[in-house]
Chemist: 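My structure is below; once you've seen it, I'll send some questions.
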There are 4 protein chains.
Amino acid sequence: MARIVDKDAKKRGIIEAAAVVFARDGFANAKMADVAEEAGIGKGTVYEYFPSKEDLFLELCRHLVRWPQDKSRFLGDPREGLKTVIVAVLESYEKASSFFTILIDYWSVVVRDKNAKRDLFLAQGEGFYDYPRRLVAEVVRTGQARKVFSRAFTAEKIAQIIIAAIEGLRIQRMLDPRHVDMDADIKLLTHFVMAGLKPGNAARRTPAR
Amino acid sequence: MARIVDKDAKKRGIIEAAAVVFARDGFANAKMADVAEEAGIGKGTVYEYFPSKEDLFLELCRHLVRWPQDKSRFLGDPREGLKTVIVAVLESYEKASSFFTILIDYWSVVVRDKNAKRDLFLAQGEGFYDYPRRLVAEVVRTGQARKVFSRAFTAEKIAQIIIAAIEGLRIQRMLDPRHVDMDADIKLLTHFVMAGLKPGNAARRTPAR
Amino acid sequence: MARIVDKDAKKRGIIEAAAVVFARDGFANAKMADVAEEAGIGKGTVYEYFPSKEDLFLELCRHLVRWPQDKSRFLGDPREGLKTVIVAVLESYEKASSFFTILIDYWSVVVRDKNAKRDLFLAQGEGFYDYPRRLVAEVVRTGQARKVFSRAFTAEKIAQIIIAAIEGLRIQRMLDPRHVDMDADIKLLTHFVMAGLKPGNAARRTPAR
Amino acid sequence: MARIVDKDAKKRGIIEAAAVVFARDGFANAKMADVAEEAGIGKGTVYEYFPSKEDLFLELCRHLVRWPQDKSRFLGDPREGLKTVIVAVLESYEKASSFFTILIDYWSVVVRDKNAKRDLFLAQGEGFYDYPRRLVAEVVRTGQARKVFSRAFTAEKIAQIIIAAIEGLRIQRMLDPRHVDMDADIKLLTHFVMAGLKPGNAARRTPAR
DNA sequence: GATGAATGAGGGTTCATTCAT
DNA sequence: AATGAATGAACCCTCATTCAT
């Protein structure tokens, strides 16, 4: 009776359209009508697939980043692997061009308590950093296992610092592009990390206070 | 004469009220009426002091962070100074309790081009990181001058990484508090930096292609 | 498909409602909500058809007067034709019951420079007098061609005086109904015009310095 | 005890300021604050002299036009006197440069019933045309008494047409300046009137129906 | 399933007026 | 008498959502 439609494909189309519009206008200023137009469908149709603007946004956030799936290339030589994975993570972020601007709105929504969907959102939010954190941690762990990296700190913590620095640099670049030369800065970050991970170096530090 | 009023005090009162409301509800959802109520004044009165919601927000952002004014305590022993200044910068951020949630909206506003006030906003935005970046850079420079820190990288770049990492950690904590133990993470960050700044270590590394 | 609607009919309905409300309250005091209610629709719906209050007003002005379409009845005997067309023009104005009160606001809006739509408005404004001026002029010209009316003045100028007098009488009546007996006054006006147009009479007078 | 002030002078100052502001912005868009500023006094002070914006406006309207006070120059030769008085009336209107734009708003206010002050306004409104109408009528009457002008119509009616035509021309000029050459048009009007007033001419017309 | 016409709650902003000084 | 800070009612317009077709 009803037309046969690939609902999933249509859903994806709407999400792609939403990515464009939300990135451009921000969550608050984005209009559902614009999303519909961008997707080439009717305004009402969007609501056949997503119950609300917020839900669409949440769904969109789920599809923001595609992480590198092949870990093997990071797990050879630990020192090279670490350098490579840092660059790879940055690239994954950069490739999701609209990722960042959308992420900001995501944060903005998440930070406010009131919303009943907070937990849903938060669960989603972890995902933004969980995967790359685990990925980097694995590389570090490999290096630690092979005694190439110091064991003074847990791989998770180290990974966390790395991801944090990458994210922080991206923010600074957003607010003031002239101050940030991403390639050089990433190299410097890598240098710090490598230095801090040298077996000898690390041992002396952090007397746990 | 009309009512005698300390306009500056009143302005500050409104800004404080705005900080509460904007932090709680976000820029887009905050209502000027709520700001007025929070400030204990009439809706129209807010507009006697700020021409628009956006201007109030911008002004508010200007007052978000109070940076440490006494640099002397960071300029003694470079290694201790660096540790201290990192903690001090973090503390300045942390003290501005609503800083972060407001900053997010600030970003969100800044990222979208259209607005005519973009430049005003951007100029303001630099301020968020400029001061601490310069502060940290000065400490690093002092250490470099005394040959305690490697000169392989410019103090500015190093400071940038440090600020970025602090910021990134704060974001991760926001999205997933369980993964972040700020004190420990900051120590780890400090360790990496110190290691990377050891004169011998740095020498070998890529001198900024 | 969505609701099927005769958009033009709906537009007309809104304009009619607007005519009532604008005439009653004046442009400045009229509320879009009242227009909507008068039209029996929701507030937002008005904006589906007209982008702003001002645009609705302009559009309304376009529909204010219906001019006599059949000129033939004025083009027979010139003297009778002139008498008839003067009455017809007056009647067209009078029939548009709310015309005058709306026109006043129209003037008020037009006179103030600032507005970007001034040109649109002005173009519209000409229309209020253009058509009847041309109509009367044609009748006069016919009379002049047949040597029934003096050629000492251009038909356009003569028509202009006639329209002006009609309009002026309507204004005086508005401000002080007791002083104006429109039928008698129009007859007097006609008399003056006829006298002035007598071939012999006109010859002596200043031929437009 | 209180400062000694010439209240009338101050009142006049406010009215003059109001004339500027109301003429420029229109009644609806004029701001009391602007009037105060233009008058060089405080916002609240205006209310010491006028109970409301509307009252100020009404008072202003009372002072709009200064009519020619010396009638004698119109009462010599009737034909010359009539020509002269028509020009004099026009000039009185023209001299009150802001008169017209304010008058429009005056109409707009007057036309709407609701207002309790309607009668006050109307009484004022008559004044705009009463004086010149009587003035012109007197000139016509003089001519009629001397048998220079036809007695077929009352002087009042004739005066009314003349005033009406002048007013109508001014309106047309406002909406479309290119179509109106005021001097020439006034001459033409005068011609019509003179022709219509010729003793012989008038007799035949207006069979009272 | 798809559509887009209709809706109305909601919020930023204006400004005449009040009144403490 | 004079002031201008404070006020809040009022209103235009937006846009997420609904639902008749």
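Chain letters run A, B, ... following the sequence lines, proteins first, then strands; residues in each count from 1. Keep in mind that what you see is a predicted model, and the values were worked out from it rather than measured.
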Chemist: OP1 or OP2 of E:dA2 sitting under 4.0 Å from any side-chain N/O of A:Lys10?
Modeler: yes
Chemist: Which base sits across from F:dT18 as a Watson-Crick or G-U pair, both distances under 3.5 Å?
Modeler: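 Matched F:dT18 with E:dA5 under the 3.5 Å cut-off.
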Chemist: To the nearest 0.5 Å, how far apart are NZ in A:Lys7 and OH in A:Tyr49?
Modeler: 5.0 Å
Chemist: Between D:Lys53 and B:Pro51, which is nearer to the 5' end of DNA chain E once each is assigned its nearest nucleotide?
Modeler: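 Final value for this comparison: B:Pro51.
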Chemist: What is the distance from atom OG of C:Ser108 to atom CG of C:Leu103, rounded to the nearest 0.5 Å?
Modeler: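 Result: 11.0 Å between the selected atoms.
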Chemist: Heavy atoms under 4.0 Å, any strand shown: does B:Ala30 hit a base, just sugar-phosphate, or nothing?
Modeler: sugar-phosphate
Chemist: Could I get the full list of side chain to side chain contact (heavy atoms under 4.5 Å, CB included) partners for A:Ala28, not counting sequence neighbours?
Modeler: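 Per chain and number, A:Ala28 pairs via side chain to side chain contact (heavy atoms under 4.5 Å, CB included) with B:Ala28.
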Chemist: Rounded off to whole Å, could you give me the NZ-to-P distance for the C:Lys7 and E:dG4 pair?
Modeler: 10 Å
Chemist: Any base atoms under 4.0 Å from C:Phe50, or only sugar-phosphate, or nothing? Heavy atoms, all strands.
Modeler: nothing
Chemist: Under 3.5 Å, is there a donor-acceptor pair between the B:Asp55 and B:Ser52 side chains?
Modeler: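 Yes - a donor-acceptor pair under 3.5 Å links their side chains.
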Chemist: Test for a donor-acceptor pair under 3.5 Å between the base of E:dT13 and the side chain of B:Lys43, counting only N and O atoms.
Modeler: yes
Chemist: Closest nucleotide of DNA chain F for C:Tyr47 versus for B:Glu48: which of these residues is on the 5' side?
Modeler: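 Going by which nucleotide is closer to the 5' end, it is B:Glu48.
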Chemist: Taking only the side-chain nitrogens and oxygens of B:Thr45, find out if one of them lies under 4.0 Å from OP1 or OP2 of F:dA5.
Modeler: no
Chemist: Take C:Tyr49 and B:Lys31, find for each the nucleotide of DNA chain E with the closest heavy atom, and name the residue whose nucleotide sits nearer the 5' end.
Modeler: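 Per heavy-atom nearest nucleotide, the more 5' residue is C:Tyr49.
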Chemist: Provide, to the nearest angstrom, the distance between the CE atom belonging to A:Met32 and the C1' atom belonging to F:dT14.
Modeler: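 In whole Å, F:dT14 C1' lies 15 Å from A:Met32 CE.
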Chemist: Measure CG/D:Leu56 against P/E:dT17 and give the value in whole Å, please.
Modeler: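 Rounded to whole Å, this separation is 10 Å.
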Chemist: What integer distance in Å separates C:Asp8:CG from E:dA5:P?
Modeler: 13 Å
Chemist: Map C:Phe27 and D:Gly44 onto DNA chain F by nearest heavy atom, then report which one ends up closer to the 5' terminus.
Modeler: D:Gly44
Chemist: Send over the distance from D:Ile41 CD1 to F:dG4 C1', rounded to a whole Å.
Modeler: 12 Å
